[in-house]
There are 2 protein chains.
Amino acid sequence: MSTAASPRALEHPTRDQIGLEGVLHALSDAVRLRIVRDLAREDDALSCSYFDLPVTKSTTTHHFRVLRESGVIRQMYQGTAKLNALRKDDLDALFPGLLDTVLTAAEAQAGRRDGAEGV
Amino acid sequence: MSTAASPRALEHPTRDQIGLEGVLHALSDAVRLRIVRDLAREDDALSCSYFDLPVTKSTTTHHFRVLRESGVIRQMYQGTAKLNALRKDDLDALFPGLLDTVLTAAEAQAGRRDGAEGV
DNA sequence: ATGCTCGTACGATACTCATCGTAGTACGGC
DNA sequence: GCCGTACTACGATGAGTATCGTACGAGCAT
């Protein structure tokens, strides 16, 4: 084995290292907001490849990293796939209602946009 | 001379031009979050000079502009002063509960920090 | 082992942004 | 008219970031 210690450890902030500004910044990007919405809708850990994002794989990796380092999601390897899950418990403990409110707001905005253009 | 019509008009987005990503981005900066907290606490329009921010006036102007252009605050001139007010009605209509939840989260985080370091 | 798929690392690039200093404009008071 | 106060505009700068392409590493299936 070797490969120097645990080859695929992922850095996550502890609960008390999560900052509001960082979370808001992580959520202020359209691509990342969409990832979080999907994650919340499925309410389960999803692999990166589940998402059909309008960016390349490199950029996808980048966005997942921002989400992880800000404390919004938790990532763990499972074979070749990497599973992503919302840290809903931590976020709810730190900022009660924030995640739900943002998600509701995102849905509302998506609805407005559909309604405005569509049909 | 003249000063051409209304000399000091300020551009504001209309309610339906306000986007969630922009609002979250505006709130994801510590200086701006503090401005918004003060504005919410006073529940009144405040002049720029009311705030004692750890940045220069140029930078302050910049932050107020970001807040205005994202739709978080409304600004209007009153003599030489410029008054700033939260667009709470618009934000509540678009994203119900968002502003309150973020403000509560900000207070909670500030409380945690005070409690952690200080006496 | 060979190859396939999933995801990472690295380098490059172009853009945004937070910050500042200086110079300027608008308004109100003297 | 003149000056001070309040804020803005402009230019510069350094840091961050969103994006990509290419090359690599880890695990699974055959």
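Just so we're clear, the structure is a prediction, and the values are computed from it rather than from any experiment. Just so it is clear: chains get the letters A, B, ... in the order the sequence lines come, proteins before strands, and each one is counted from 1.
Two residues are said to be in side-chain contact when any heavy atoms from C-beta on lie closer than 4.5 Å; B:I18 and B:R87 meet this criterion. In this structure the side chain of A:R74 reaches within 4.5 angstrom of the side chain of A:D90, judged on heavy atoms. Proximity of A:F51 to A:T60: side-chain heavy atoms (C-beta onward) are nowhere separated by under 4.5 Å. Considering only heavy atoms from C-beta on, A:T101 stays 4.5 Å or farther from B:D100 through its side chain.
Between A:Y77 atom OH and D:dG25 atom P the separation is 14 Å, expressed in whole Å. In this structure, A:H62 places its NE2 atom 14 Å from C1' of C:dT13, rounding to the nearest Å. Rounding to whole angstrom units, NE2 of residue A:H25 and C1' of C:dA18 are separated by 12 Å. The nearest whole Å value for the distance from the CG atom in B:L10 to the P atom in D:dC7 is 12 Å. Separating the CD atom of B:Q78 from the C1' atom of C:dC27 is a distance of 12 Å, rounded to the nearest angstrom. The distance between atom CD of B:E69 and atom P of C:dA18, rounded to the nearest whole Å, is 12 Å. What separates CD1 of B:I73 from P of D:dC7 is a distance of 12 Å, to the nearest Å. The CZ-C1' distance, from B:F64 to C:dA18, rounds to 15 Å in whole Å.
The shortest heavy-atom contact between A:N84 and A:S47 is ND2-C, 3.8 Å. Closest non-hydrogen pair, A:V72 versus A:A26, comes out as CG2-CB, 4.1 Å. For the residue pair A:R15 and A:A93, the shortest heavy atom distance occurs at NH1-CB, 3.2 Å.
If you check residues 44-53 of chain B against DNA chain D, the residues with a heavy atom closer than 4.0 Å are B:S47, B:C48, B:S49, listed by number. Within residues 29-41 of chain B, the residues that place at least one heavy atom under 4.0 Å from DNA chain C are, in residue-number order, B:D29, B:R32.
Within the 4.0 Å cut-off from OP1 or OP2 of D:dT19, at least one side-chain nitrogen or oxygen of A:H63 is found.
When hydrophobic side chains of Ile, Leu, Val, Met, Phe, Trp and Tyr are connected at separations under 4.5 Å, A:L83 ends up clustered with A:M76.
Listed nucleotides D:dC7, C:dC6, D:dC20 differ in distance to A:A81; the shortest reach to its side chain belongs to C:dC6. In this structure, of C:dC20, D:dG21, D:dT19, it is D:dT19 that holds the atom nearest to the side chain of A:T59.
The nearest heavy atom of DNA chain D to B:Q75 and to A:P54 marks one nucleotide each, and the one closer to the 5' end goes with B:Q75. Of the residues near DNA chain D, A:V66 and B:K57, the one whose nearest nucleotide (by heavy atom distance) lies more toward the 5' end is B:K57.
The base of D:dG21 sits within donor-acceptor range of the side chain of A:S58, with an N or O pair under 3.5 Å. For A:T80 against C:dG7, no side-chain N or O and base N or O form a donor-acceptor pair under 3.5 Å.
There is no path of hydrophobic side-chain contacts, each under 4.5 Å, that joins B:L67 to B:Y77.
Judged by distance alone, the side chains of B:T59 and B:T56 do bring a donor and an acceptor atom under 3.5 Å apart.
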